[in-house]
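The structure appears below as structure tokens.
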Amino acid sequence: MDITEISQILSNTTRVNILKWLKLPEKHFPPHQDIDHFDDGVCVGYIQDKAGLSQSTISTYLSAMQQAGLIIPTRHGKWTYYRRDEAVIQAYIDGLKQEL
């Protein structure tokens, strides 16, 4: 976990919002049509729709967030679902407390 890398990712309002939305997906997203739970996260299309940004922009954001360890992808057929990695998020918070 790299505090600087994660801080850079969190300097973007949309990426912060994505993490907020994924914290309580049942509150922020409609039910999935093919899966009746959010255990594996939220479909990229739902994230894109809520953010109101292009598919390429959301893909870039999600890729950066995944590389930093903030989110975990799960494939279901041709769809990718994302959920928060709570352990990494907590390690980041703990790291900030120790370092700053």
Side-chain angles (χ1 to χ4, degrees):
M1 191 266 323
D2 182 328
I3 289 176
T4 303
E5 179 184 8
I6 291 176
S7 294
Q8 288 174 340
I9 288 169
L10 297 178
S11 69
N12 175 283
T13 302
T14 300
R15 291 189 291 249
V16 170
N17 284 338
I18 290 169
L19 285 178
K20 287 179 185 178
W21 300 333
L22 292 178
K23 186 173 185 178
L24 297 169
E26 61 282 342
K27 178 180 174 183
H28 296 285
F29 297 99
H32 291 111
Q33 294 178 4
D34 55 342
I35 301 173
D36 63 353
H37 57 77
F38 288 103
D39 295 348
D40 292 328
V42 175
C43 180
V44 173
Y46 288 174
I47 296 170
Q48 177 188 344
D49 289 346
K50 186 153 181 80
L53 299 174
S54 70
Q55 184 273 331
S56 62
T57 299
I58 292 300
S59 291
T60 299
Y61 286 177
L62 293 173
S63 177
M65 294 168 73
Q66 179 184 343
Q67 288 175 347
L70 292 169
I71 57 175
I72 301 168
T74 302
R75 294 282 296 180
H76 285 275
K78 64 181 182 175
W79 307 109
T80 302
Y81 293 75
Y82 287 93
R83 70 183 189 281
R84 292 164 41 117
D85 188 328
E86 297 298 337
V88 170
I89 292 169
Q90 189 59 55
Y92 171 72
I93 293 167
D94 293 344
L96 283 176
K97 287 179 182 177
Q98 284 183 334
E99 296 295 323
L100 298 180

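All values below were derived from every heavy atom in this structure, side-chain atoms included, with hydrogens, water molecules and symmetry-related copies excluded. Since the structure is predicted, the reported quantities are computational estimates derived from the model, not experimental observations.
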*Is there a side-chain contact between Leu10 and Leu19, using heavy atoms and a 4.5 Å cut-off?*
yes

*Taking atom CG of Leu22 and atom CD1 of Ile72, what is their separation to the nearest 0.5 Å?*
11.0 Å

*Shortest non-hydrogen contact from Met65 to Arg15?*
CE-O, 3.6 Å

*Kindly say whether Ser59 contributes a backbone atom to a donor-acceptor pair with the side chain of Ser63 at under 3.5 angstrom?*
no

*Any idea which heavy atoms bring Ala51 and Thr14 closest together, and the distance?*
CB-CG2, 4.1 Å

*Which class fits the ring pair His28 and Trp21: parallel under 30°, tilted 30 to 60°, perpendicular over 60°?*
tilted

*Please name the pair of heavy atoms, one in Pro25 and one in Val42, separated by the smallest distance, quoted to 0.1 Å.*
CB-CG2, 3.6 Å

*Closest heavy-atom contact between Tyr46 and Pro30?*
CE1-O, 3.5 Å

*asked:* What's the separation between atom CD in Glu86 and atom NZ in Lys23, rounded to the nearest 0.5 Å?
replied: 7.5 Å

*Considering all heavy atoms, the nearest Tyr81-Gly41 contact*: CD2-O, 3.8 Å

*asked:* Any heavy-atom pair between the side chains of Ile47 and Tyr61 that's under 4.5 Å?
replied: no

*Between Val16 and Leu53, is there a shared hydrophobic cluster once you connect ILVMFWY residues whose side-chain heavy atoms come closer than 4.5 Å?*
yes

*Roughly how far, to the nearest 0.5 Å, is CD1 of Ile18 from CD1 of Ile58?*
4.5 Å

_Heavy-atom check, side chain of Phe29 versus side chain of Asp49, under 4.5 Å_ = no

Run the side-chain donor-acceptor check on residues 88-100: report pairs under 3.5 Å with partners two or more places apart or on a different chain.
unit_1, atom_1, unit_2, atom_2, d
Gln90, NE2, Asp94, OD1, 2.9
Tyr92, OH, Ser7, OG, 2.8

_Least distance between heavy atoms, Gln66 atom then Pro73 atom_ = NE2-CG, 3.4 Å

